[in-house]
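Take a look at the structure set out below.
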Amino acid sequence: MIKAIKGTNDILPEEIVEWNYLINVVQKKMQLFNYKEIRTPIFEHTALFSRGIGESTDIVSKEMYSFTDRSENNVTLKPEMTASVVRAFIEHSLGKQSGLNKLFYISPMFRQERPQAGRLRQFHQFGIEAIGSHNPMLDAEVIQVAFEILRNVGLEDLTVTINSLGIPEERAKFSAALKNFIEDRKSKLSEDSQRRLDTNVLRILDSKDRNDQNLLKEAPSILDFLGNESLEHFENVKALLKSAEIPFTVEPKLVRGLDYYTHTTFEITSTKVGSQSALCGGGRYNLLVEQLEGPSTPAVGFAAGIERILLACKSEQAFTPAKEEIDIYLIRLDNQLEKKTFEMASLFRGNNLKVELDYSTRSVKAQMREANKYNARFVVFIGGEEFGNGQIQIKNMQTGDQTLLSIKDLEKILQIVK
RNA sequence: GUGAGCGUAGCUCAGUUGGUUAGAGCAUCUGGUUGUGGCCCAGAAGGCCGUGGGUUCAAAUCCCAUCGCUCACCCCA
């Protein structure tokens with residue numbers, strides 16, 4: 001038997017209900033905040049991601065689904081959306097048409113990692129890329145959109161953490177200081193963190209190792225290395241979040257793994273989804289557009305994991321989808337009447353009624369059971385003596401009341417059923 | 001890439017000092033008198049006990065291998 005590829009999931013009809021609910025909330029919120037949807041191809045030239053995300057990041061160095069196509073192009077299934085959106089922004093000169101582009105997306109992403117709870121090889125994200133403004137209002141707005149979406153789908157166990165990484169010069173100074181601090185304690189660190197000393201010093205900060213965290217208690221804080229402008233930007237963002245009544249905590253150790261972040265970074269986590277607790281992550285990336293050979297343009301955005309959010313919803317029992325029902329189930333008392341049943345179905349469906357019928361030849365009892373299973377509001381009996389007289393029985397499944405009506409009196413039938 | 005756990009019916013799971021024909025609940029299907037649901041009752045169908053090898057008179061059960069799944073680490077949504 002051929003099975004789905006490891007780390008990929010079928011989304012069955014039962015689950016689609018939850019997906020649609022979430023996506024609906026996302027679309028409504030995006031509309032309210034005036035974000036425009038953008039869709040980009042599912043794959044891109046590999047160079048876009050290696051240049052955009054950062055050669056040394058884990059995503060690029062070991063998680064990408066890359067291959068060469070028949071024309072010997074190096075292509076990659078997109079592991080995240082920011083690089084693609086920025087590419088489209090540059091390619092279509094969106095910055096020239098409008099000073100500020102507020103974009104959102106909903107799309108599958110691909111990363112070849114070992115799957116676990118809340119981590120898949122094909123997963124789905126929605127997110128925002130707001131390109132074209134330095135204003136801290138936009139940082140705050142982006143966080144607000146993410147937070148409100150999560151709140152609106154019914155999640156309560158949410159933690160918003162924010163931090164600022166400043167500008168590259170400030171980050172470099174901090175990196176050096178941190179490296180210094182750590183070199184002295186190198187031997188006491190976990191193996192993983194010792195390795196990170198060479199690859200990415202900043203990431204030692206969010207090591208999960210308890211001992212590491214203890215050692216890091218007295219480590220320098222990025223916030224002490226920020227210049228006045230960076231500090232002011234950060235203070236502004238915090239003030240705006242407060243005014244929007246979004247609860248947050250400042251976490252100087254929140255560095256995030258992608259190279260392109262500057263200034264604000266943030267994360268929204270839940271304790272309800274297992275080890276992969278980040279439902280949403282994002283921040284400002286003022287240098288990426290330029291780095292991808294576009295005009296120097298500031299930007300800020302986030303990405304949120306749909307599967308993780310749904311996991312959180314499930315464990316918080318955040319929403320209970322409404323029971324599906326159908327308007328009419330057609331029951332034929334006589335199997336000779338298939339054509340007539342089909343015509344009746346067309347007639348009702350033509351009047352915007354949700355109709356179901358039996359496609360096998362089954363007893364009336366079996367058909368009734370099916371009608372019940374489908375949550376039919378009404379059942380129409382076709383056949384028998386009354387049918388010879390041009391009449392049908394309509395049964396209200398809730399009350400059990402049954403009415404005999406003439407087939408030709410469509411007005412009356414619709415009146416009862418509507 | 002590293003580590004741990006688990007594979008028995010469509011689903012959730014019972015089933016070892018190795019011993020008849022492998023079970024339950026839910027779901028499915030059919031009945032419970034002429035043409036009527038839910039609840040209830042009766043019955044049916046559904047399994048190479050993940051796969052391959054080994055030990056044994058005898059393996060779902062013990063051993064080895066292999067595949068698959070899950071969770072965790074790394075890292076990220």
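Small disclaimer: the values here were computed from a predicted structure and weren't measured. Within every chain, numbering begins at 1; the chains are lettered A, B, ... in the order of the sequence lines, protein sequences first and strands thereafter.
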Rounded distance in Å between the C1' positions of B:U16 and B:A22: 14 Å
Look at the side chain of A:Asn389 and the backbone N and O of A:Gln391, then say whether any donor-acceptor pair between them is shorter than 3.5 Å. no
Examine distances only and state if a side-chain atom of A:Glu15 and a backbone atom of A:Leu12 form a donor-acceptor pair shorter than 3.5 Å. yes
Any side-chain heavy-atom pair of A:Phe126 and A:Ile309 under 4.5 Å: yes
Can you list the residues that meet the side-chain hydrogen bond (donor to acceptor under 3.5 Å, both in side chains) rule with A:Lys339, with sequence neighbours excluded? none
Among residues 5-40 of chain A, which residues get a heavy atom nearer than 4.0 Å to RNA chain B? A:Lys6
Base, sugar-phosphate, or nothing for A:Asp58, non-hydrogen atoms under 4.0 angstrom? sugar-phosphate
Checking A:Asn286 side chain against A:Pro298 main chain: does a donor-acceptor pair fall under 3.5 Å? no
Between A:Glu80 (side chain) and A:Thr82 (backbone), is there a donor-acceptor pair under 3.5 Å? yes
Residue-phosphate contact under 4.0 Å: A:Gln116 side-chain N/O, B:A72 OP1/OP2: yes
Could you tell me whether A:Ile5 atom CD1 has more than 12 heavy atoms of other residues or ligands within 6.0 Å of it? no
P atom, B:U12 versus B:C57: distance in rounded Å? 38 Å
Could you tell me how far B:G7 sits from B:A60 if I compare only their C1' atoms? Round to whole Å. 11 Å
Counting primed atoms plus P, OP1 and OP2 as sugar-phosphate and everything else as base, spell out the protein contacts along nucleotides 2-9 of chain B at 4.0 Å heavy-atom distance: B, S or - for each nucleotide, 5' to 3'. BB------
Tell me, do A:Asn396 and A:Phe378 make a side-chain contact under 4.5 Å, heavy atoms counted? yes
Which whole-number value in Å describes the distance from A:Asp206 CG to B:C73 C1'? 14 Å
Could you check how far CG of A:Leu254 sits from P of B:A77, rounded to whole Å? 11 Å
For the pair made of CD1 in A:Ile59 and C1' in B:C74, what is the distance, rounded to whole Å? 13 Å
Test item: A:Ile394 and A:Leu405 side chains (from C-beta on) under 4.5 Å apart, heavy atoms: yes
Using a 3.5 Å distance criterion without hydrogens, assess whether the side chain of A:Gln213 forms a donor-acceptor pair with backbone atoms of A:Leu205. yes
A:Thr264 vs A:Asp139, test: side-chain hydrogen bond (donor to acceptor under 3.5 Å, both in side chains). Steps then yes/no. CA-CA 7 Å; A:Thr264 315; A:Asp139 304 47; 2.6 Å; yes
Give the C-alpha distance, both sets of side-chain angles, the deciding distance and a yes or no for side-chain hydrogen bond (donor to acceptor under 3.5 Å, both in side chains) between A:Gln122 and A:Thr8. CA-CA 5 Å; A:Gln122 175 176 346; A:Thr8 69; over 6 Å; no
Does any part of the side chain of A:Pro41, heavy atoms only, come nearer than 4.5 Å to the side chain of A:Arg87, both counted from C-beta? yes
Distance between P atoms of B:U61 and B:U30 (Å, rounded): 38 Å
Secondary-structure string, 5' to 3', Watson-Crick or G-U under 3.5 Å, | for another-strand partners, for RNA chain B: (((((((..((((.....[...)))).(((((.......))))).....(((((..]....))))))))))))....
Contact list please: residues 374-403 of chain A against RNA chain B, heavy atoms, distance less than 4.0 Å, in numerical order. A:Phe381, A:Gly384, A:Glu385, A:Glu386, A:Gln393, A:Lys395, A:Met397, A:Gly400, A:Gln402
With a 4.0 Å heavy-atom cut-off, tell me which residues in residues 76-87 of chain A come close to RNA chain B, sorted by residue number. none
Main-chain N/O of A:Tyr65 paired with A:Gln112 side-chain donor or acceptor, under 3.5 Å: no
Looking at residues at least two apart in the chain, or sitting in another chain, which of them share a ring-ring contact (aromatic ring centres under 6.0 Å, His included) with A:Tyr285? A:Tyr260
Among all residues two or more places apart in sequence or in another chain, which pass the salt bridge (Lys or Arg N to Asp or Glu O under 4.0 Å) test with A:Lys188? none
Using a 4.5 Å cut-off on heavy atoms from C-beta on, say whether the side chain of A:Gln27 contacts that of A:Ile23. yes
Report which part of the nucleic acid A:Gly118 touches: base, sugar-phosphate, or nothing (heavy-atom distance under 4.0 Å, all strands). base
For atom CG of A:Asn372 and atom P of B:G38, their distance in whole Å: 7 Å
Nucleotide nearest A:Lys62 when distance is taken to its side chain, options B:A72, B:C74, B:G35: B:C74
At under 4.0 Å between heavy atoms, what does A:Leu333 touch on the DNA or RNA strands: base, sugar-phosphate, or nothing? base
Determine the interatomic distance between C1' on B:A24 and the same-named atom on B:C49; round to the nearest Å. 16 Å
Starting from P on B:G37, measure out to CG on A:Asp358 and report it in whole angstrom. 15 Å
Can you tell me which residue pairs pass the ring-ring contact (aromatic ring centres under 6.0 Å, His included) test with a partner in residues 13-49 of chain A, sequence neighbours excluded? A:Trp19-A:His124, A:Tyr21-A:Phe319
Which is true for A:Ala117 with a 4.0 Å heavy-atom rule: it touches a base, it touches only sugar-phosphate, or it touches nothing? sugar-phosphate
Whole-angstrom distance between B:U55 and B:C73, as gauged at atom P: 42 Å
Pairwise C1' distance for B:G52 and B:A9, with rounding to whole Å: 23 Å
Can you sort out which residues in residues 301-318 of chain A have a heavy atom within less than 4.0 Å of RNA chain B? Ascending by number, please. A:Ala303, A:Gly305, A:Arg308
In this structure, how many angstroms lie between the P atom of B:C67 and the CE atom of A:Met1, rounded? 17 Å
Nearest non-hydrogen partners of A:Ile222 and A:Ser164, listed with the distance: CG1-O, 3.5 Å
Roughly how many Å is it from CZ in A:Arg119 to C1' in B:A72, rounded to a whole number? 10 Å
Give a yes or no on whether the backbone of A:Ser107 and the side-chain of A:Lys78 come within a donor-acceptor separation of less than 3.5 Å. no
Say we look at B:C63 and B:G18: how far apart would their C1' atoms be, to the nearest angstrom? 13 Å
Could you list all the ring-ring contact (aromatic ring centres under 6.0 Å, His included) pairs where at least one residue sits in residues 202-223 of chain A, not counting sequence neighbours? none
Check: A:Arg51 side chain, A:Gln291 main-chain N or O, donor-acceptor pair, under 3.5 Å: no
Separation of B:C75 atom P from A:Glu267 atom CD, nearest Å, is 13 Å
For nucleotides 26-33 of chain B, just jot down a letter per nucleotide in 5' to 3' order: B, S or -, based on protein non-hydrogen atoms under 4.0 Å. --SSSBB-
Main-chain N/O of A:Val75 paired with A:Asn73 side-chain donor or acceptor, under 3.5 Å: no
